[in-house]
Participant: 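Have a look at this one before I ask anything.
In what follows, chains carry the letters A, B, and so on, assigned in the order in which the sequence lines appear, proteins first and then strands, with residues in each chain numbered from 1.
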Protein chains: 2
Amino acid sequence: MTTEVSTTGRPAVDGGLHSVLAALDVLDCFTDADELGVTDIARRIGVAKSTAHRLLTTLCARGMAEKNEETGRYRLGMKLHELGSLALQRNRVHQTALPLLQELHHLTGGTVHLGVPDGGQVIYLERLVSPTAAPAFARIGRRLPGQCTSSGKAMAAFDRRIAAAQARAGFTPLTTASISSSQGYASSLAQTRRQGFAVSIDEVALGLASVAAPVLAHDGSAWAAISVVGGSKQLRGDLDRPARLVRLAAQRLAWALGI
Amino acid sequence: MTTEVSTTGRPAVDGGLHSVLAALDVLDCFTDADELGVTDIARRIGVAKSTAHRLLTTLCARGMAEKNEETGRYRLGMKLHELGSLALQRNRVHQTALPLLQELHHLTGGTVHLGVPDGGQVIYLERLVSPTAAPAFARIGRRLPGQCTSSGKAMAAFDRRIAAAQARAGFTPLTTASISSSQGYASSLAQTRRQGFAVSIDEVALGLASVAAPVLAHDGSAWAAISVVGGSKQLRGDLDRPARLVRLAAQRLAWALGI
DNA sequence: AGCATGCGTTCCATTCAGCGAGACGATGGC
DNA sequence: GCCATCGTCTCGCTGAATGGAACGCATGCT
């Protein structure tokens, strides 16, 4: 597995600690599938079956994974939720944004998102779903390619480091409307810069649209993005008001963070 | 660290995989403190400073931990939130309960909780906070000793295995009103059995009260508990209505789960 | 100012923990 | 009823993980 073994006995891999990295790779496997067997995981991470079994047993011992005794297969454990909610709760951007998001949610009545950049992708820290919104979109994951989302474009338009990371990651279109060329990407970012907010219509899922504004620090780096999601038809009809509200909320968040 | 080393070269510890267990222990350290330094963590988990540093570097490489470059200390990473929300989203009890919780939240107007048993403790999977509720209680963690919470008592009253686990864990009172003796515990469970729901007044935090009902399977095991939280004064004044509603919601959840 | 103590990081030789291969019994689809 | 495949467990070998020591750098006390 290791691309190269150092001449010394020291771990030569990116982050060190083979078995720990392997264990974390096991957890990553579950982003694709709900439940996985030992053999399947061994194949995915490229280790022997016995090694995968040992890793899983260890993860289960700490609640990071759970075993389905009926099928003998494994799934993610609730300890992850425990630690994950702790990590979120302590995130300063999330903490600070929450009241602002609630107000925005109240004013727009739409679904509101808070996203932060991670490489070329966007991780969503918070989502306030409107009870009237179609529950069909609730299945959306927690990490999306930046070029498809309004949040990703809002951040990339004003932060060249994020734009570079997105360009480096390449284009992975989610729908037929997703940006798939560097020309389309560049013009979309230019328009975002002109307007001060980003729009994504049908680019994540058909029938779904969103408006986002970046949370910018004084040094020009984008810390986060706030977005409002709605149906493509409704949002196209009334874009100005939500756009104004997300810009205001994003600016207030930047101010509240003191950045 | 290991209590005993086997005669063979095989890992003799509970779950095997020393370095993986150590890495997960590192993550557990952060339940106490927001940010920790290398030396502090090394002391806590009982390894050399260099080992703790290596573990942290590895965790950071996968986003499970993050480094505060200003202070040089470490905190939990957002990858945990990503995997944790995935684990939660896939939890069948959580999935099934969500619409029922929303209805209960709507009917009572109070803060609604969904808790599942874990040893003698209760892990809260979902919390619907009412906008009018005092935000002071939002700081409550995600894992509480079962004897103090109405959810824990509701489950223990009808599931002897959970009661045994709670008794084994001992009494860790959170306030002066918390149950601290096995007599008080037994009579509280007996009352819960008579009523069909559990009450906790000032036992988690002074001024805070809750009513809970267990989600019981046909075999008598408690899968979860649903609770409504409110101010001690309000809830003491009107206990019947919320008690009836949580019992109904819990029964409907058991039915929906087909258990 | 000077010193001392603590931090996070890096290096290195030692050795024991983790590795893969293989055997085993249980399970389930054809 | 068989064969393929699953999860689990054992075992000897070896190289990856370990602890200790050294380093540079803050911080705070004298």
Participant: Expressed in angstrom and rounded to an integer, what is the separation of A:L17 atom CG from C:dA17 atom C1'?
Facilitator: 13 Å

Participant: What is the distance, rounded to the nearest whole Å, between atom NE2 of A:H18 and atom P of D:dT14?
Facilitator: 18 Å

Participant: Could you tell me how far apart B:E35 (CD) and C:dC7 (C1') are, to the nearest whole angstrom?
Facilitator: 14 Å

Participant: Work out which heavy atom in A:L100 is nearest to a heavy atom in A:A249; give both atom names and the distance.
Facilitator: CD1-O, 4.1 Å

Participant: Rounded off to whole Å, could you give me the CG-to-C1' distance for the A:D25 and C:dC19 pair?
Facilitator: 16 Å

Participant: Evaluate the criterion side chain to side chain contact (heavy atoms under 4.5 Å, CB included) for residue pair B:L98 and B:L114; output intermediate values, then yes/no.
Facilitator: CA-CA 9 Å; B:L98 211 45; B:L114 173 70; over 6 Å; no

Participant: List the steps and the verdict of salt bridge (charged side-chain N to carboxylate O under 4.0 Å, His left out) for B:D40 and B:R73.
Facilitator: CA-CA 10 Å; B:D40 198 352; B:R73 299 199 296 180; over 6 Å; no

Participant: List the atom of B:V116, the atom of B:W223, and the distance in Å for their closest heavy-atom pair.
Facilitator: CG1-O, 3.7 Å

Participant: Would you tell me if any nitrogen or oxygen in the side chain of B:T51 comes within less than 4.0 Å of OP1 or OP2 on D:dG19?
Facilitator: yes

Participant: Is there a donor-acceptor contact under 3.5 Å linking the side chains of B:S19 and A:S19?
Facilitator: yes

Participant: Can you pull out how bent the helix from C:dA1-D:dT30 to C:dC30-D:dG1 is, comparing the axes over its first five and last five pairs, to 10°?
Facilitator: 50°

Participant: Expressed as a whole number of angstroms, how long is the span from A:L56:CG to C:dC19:P?
Facilitator: 12 Å

Participant: Which atoms form the tightest heavy-atom contact between A:A157 and A:L189, and what is the distance?
Facilitator: CB-O, 3.7 Å

Participant: Would you say B:R54 places a side-chain N or O within less than 4.0 Å of OP1 or OP2 belonging to D:dT18?
Facilitator: yes

Participant: Residues in side-chain contact (heavy atoms from CB on, under 4.5 Å) with B:D219, at least two apart?
Facilitator: B:A217, B:S221

Participant: What is the ring orientation for B:F171 with B:Y185, classed by angle as parallel under 30°, tilted 30 to 60°, or perpendicular over 60°?
Facilitator: perpendicular

Participant: Output one line per pair: protein atom, nucleotide atom from nucleotides 4-9 of chain D, and distance, for all N/O pairs under 3.5 Å.
Facilitator:
residue, atom, partner, partner atom, Å
D:dG7, OP1, A:V38, N, 2.7
D:dG7, OP2, A:V38, N, 3.4
D:dG7, OP2, A:T39, N, 2.9
D:dG7, OP2, A:T39, OG1, 2.5
D:dG7, N7, A:K49, NZ, 3.4
D:dG7, O6, A:K49, NZ, 3.4
D:dT8, OP1, A:K67, NZ, 2.1
D:dT8, OP2, A:H53, NE2, 2.9
D:dT8, OP2, A:Y74, OH, 2.7
D:dT8, O5', A:H53, NE2, 3.2

Participant: How about A:R193: does its CZ atom have over 12 heavy atoms from other parts shown lying under 6.0 Å from it?
Facilitator: yes

Participant: CG of A:L21 versus P of C:dC19: gap in Å, rounded?
Facilitator: 11 Å

